Amino acid sequence: MSTAESASRLHVWMRNRTRWQRRGIAFLAGAFAVLGQAPFQFTLVYVATISVLVWLLDVSFEQKNRIRSAFSTGWWFGFGYLIFGLYWISSAFIARGAVFAPWGAPAVLAMAASLALFFGLGASLAMMLWAPGVRRVFAFAIGLFVSEWLRGNILSGFPWILPGYVWTPGEPVSQMASLFGIYGLTLVTLVLAATPATIADRVNGAARFVPTIVAALAVGMMWGWGAQRIAHAPIDPPGAQPNVRVAESGLSQQAKWCEGGSLQERSECARGQEWRVLRRYLDASGPAEDSRTDILVWPEGAVPTLNFFQLDNQTYLDVLGRGLGDRVLITGLTRCAPRVRCDAYMQGAASADELHLFNSGAVIDGVGGQARVAQIYDKQHLVPFGEYIPFWPIVRQLGIGPLQEIGVGFAEGPPPERVIIPGAPPALILICYESIFPGMVPHGADRPGWIANISNDAWFGDLRFFTGPYQHFAMTRYRSIEEGLPMARAASGGISAIVDSYGRVVRSTQGHGFYAESQLPPALVETPFATSGSIQLLVLLVFVFSLRFVLPGQVNQGTNSDERRARSHID
């Protein structure tokens, strides 16, 4: 809708709300939109909230300063969406104890307010293209898509809970990500979710239902295509692929890092803590002598670095090697260089500023009880303020420290490359945050045979109270769909699982203890997204953009004097 003379009762009601009432409606709509994301996946609720947002933007279109009004509406929607979608961030501060805990709520509010600027920008861009009838659906989708793409790519990017993720990973509609990735699915989702808003348009007869019927048919075709794709999934016979076990310790961040309690209690805990945690992982991994496991996957930073760096401690590697037997281990750890300064740092004789710390994934061969470090991947995509602090020389003067337990921040590694795994296809290691970014998997001759995702989801909060671990797991599964690659995921404090190339869970630790084991599912041939995803996305964007100008405008019913008078109430 766009004009007061052709407005429906719903539009008149929206128009008669005060400015702050409409902002409150936008905020609540954004808050409820989170129910479309994991672990809820109430897609229809998300669709309803997007329709509300479109109706609010219809009112903005009638304002004198429509761009500013649209920005405000979009910002309030985004603010509500991100507060309730990212509230779990506070758990990272709570996990660090009393010093950091009070900053949890302000951090959530600040992050939500900042990222909501992208929603305001998207609404403003949509308003520049706004038009009567169904054409505004495509204007809305283009504006919000551009802002969501920017949110996921500007600076370090934060593509968390994108609209495309409202489709449960592994189910038929989610398979569309194999064609044009999560951003393409986001664009399609925005179009489909905004279309029901046209039901409230005041047009002749039943014509107002036609766009929604077309959208429903489109969803049906997407579902049918995805179901057919899944139906043709290859099945490897037993023994055709290696057995993979993902394991975790079951310890909270506080227990793992000896946080909390008195200074004496923390000191007593720290002595020998690495060995106690290592024992928990070896127990979850099973005895080497009668294990059917070929590959073990442990989480990011599996064993804490309290007294030594694991790769520099031969005694630790010897104990690890005896626990592995002939198995291969992919594990997360903190790597430090140069070694002389690292040893001095652990003895309190050197500053953290003299170190180069890396959040790493290591491939460790266990051959005859001897551990050999075969390959190392240093995480490239670091978390701002969590793993490094931008402008650290300036920020440190304010007395602000990083959230990680050691040092002052990690150094950035090179782009991900596949690593060789004895007795298995080459793998790609993605560490925690990296798994939410599409397109990080090498293609062509450098393409891996599977993805090893190691993560520390204990930062994301307790599974009983926080949605962060569920959101992270759902988004990670989309990387398997996009690339057509199976995944073994070890996530301390979260959901560890083996996932097939369609994003479906084969085995999971959720409700089943501290490990899950399965034969590695087969990889698929490179998906269209993997080979030329950017081209498909561009074609899709051009198509949606063209619909904004090609489709005819609506045919309105007669005018209404009450509706004309309503325009005078817009503030």
Side-chain angles (χ1 to χ4, degrees), residues 89 92 111 114-115 149-160 298-305 309-312 330-342 345 350-363 373-397 400-419 426-443 446 448 451-457 459-460 472 475-476 479 483 489-492:
I89 289 175
M111 190 167 187
S114 300
L115 293 176
W149 186 90
L150 292 173
R151 178 165 71 93
N153 289 275
I154 280 186
L155 299 178
S156 66
F158 190 64
W160 199 272
W298 294 355
E300 172 190 23
V303 176
T305 300
F309 294 96
Q310 284 87 38
L311 294 184
D312 298 336
I330 300 175
T331 183
L333 47 78
T334 298
R335 189 173 72 84
C336 182
R339 181 169 180 175
V340 173
R341 304 309 303 166
C342 297
Y345 170 76
S351 167
D353 290 342
E354 303 175 57
L355 310 178
H356 295 289
L357 297 174
F358 298 91
N359 186 358
S360 304
V363 178
V373 180
Q375 285 187 270
I376 294 175
Y377 165 65
D378 297 321
K379 185 177 181 182
Q380 182 199 34
H381 219 304
L382 301 174
V383 181
F385 300 101
E387 293 177 310
Y388 78 98
I389 296 184
F391 313 110
W392 171 246
I394 298 175
V395 174
R396 70 184 304 176
Q397 303 302 321
I400 299 174
L403 288 176
Q404 83 266 2
E405 282 79 359
I406 60 172
V408 294
F410 291 111
E412 179 181 305
E417 294 181 349
R418 67 180 190 171
V419 294
L428 183 81
I429 300 176
L430 293 179
I431 302 178
C432 193
Y433 186 65
E434 293 180 317
S435 67
I436 70 172
F437 292 90
M440 292 194 70
V441 177
H443 301 143
D446 296 324
I451 299 170
N453 175 223
I454 56 177
S455 183
N456 180 9
D457 283 12
W459 287 116
F460 297 74
H472 196 202
M475 292 185 290
T476 297
R479 306 293 82 79
E483 302 291 345
R489 181 177 196 260
S492 57

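Position 1 is the first residue of the sequence, and the numbers go up from there. Because the structure is predicted, anything quoted here is derived from the model rather than measured.
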message: Please determine whether the number of non-hydrogen atoms from other residues, nucleotides or ligands lying under 6.0 Å from atom NE2 of H356 exceeds 12.
response: no

If you compare all heavy atoms of [X] against all heavy atoms of [Y], which two are closest, and at what distance to 0.1 Å?
X: S360; Y: I431; answer: C-CD1, 3.7 Å
X: D312; Y: C336; answer: OD2-O, 4.4 Å
X: N453; Y: C432; answer: ND2-N, 3.8 Å
X: S435; Y: T476; answer: OG-OG1, 2.9 Å
X: S351; Y: Y345; answer: C-CD1, 4.1 Å
X: V303; Y: Q310; answer: O-NE2, 3.6 Å

field: side chain to side chain donor-acceptor pair (under 3.5 Å) partners for R341, two or more places apart
entry: E354

query: What pairs with E300 under side chain to side chain donor-acceptor pair (under 3.5 Å), at least two apart in sequence or on another chain?
result: N359

Do [X] and [Y] come close enough that some side-chain heavy atom pair is under 4.5 Å?
X: P442; Y: L428; result: yes
X: W298; Y: I330; result: no
X: F309; Y: T334; result: yes
X: L311; Y: L333; result: yes
X: Q380; Y: P416; result: yes
X: P299; Y: N456; result: no
X: K379; Y: L382; result: yes
X: I429; Y: V363; result: yes

message: Treating Q375 as the side-chain partner and V419 as the backbone partner, does any N or O pair qualify as donor plus acceptor under 3.5 Å?
response: no

query: Okay, side chain of R335, backbone of D378: is any donor-acceptor separation there less than 3.5 Å?
result: no

statement: Of W459, Y433, W160, the one forming a ring pair (Phe, Tyr, Trp, His ring centres under 6.0 Å) with H472 is W160

message: Show, in sequence, the C-alpha distance, side-chain angles and deciding distance for F437 and S156, and conclude whether the side-chain contact (heavy atoms from CB on, under 4.5 Å) test is met.
response: CA-CA 10 Å; F437 292 90; S156 66; 5.9 Å; no

- prompt: Given the rule in the side-chain contact (heavy atoms from CB on, under 4.5 Å) test, do F358 and E412 qualify, once you have shown the distances and angles that lead to the verdict?
  reply: CA-CA 7 Å; F358 298 91; E412 179 181 305; over 6 Å; no

message: With side-chain contact (heavy atoms from CB on, under 4.5 Å) as the criterion, how do R479 and V441 come out once you've worked through the C-alpha distance, each side chain's angles and the decisive distance to 0.1 Å?
response: CA-CA 9 Å; R479 306 293 82 79; V441 177; 6.0 Å; no

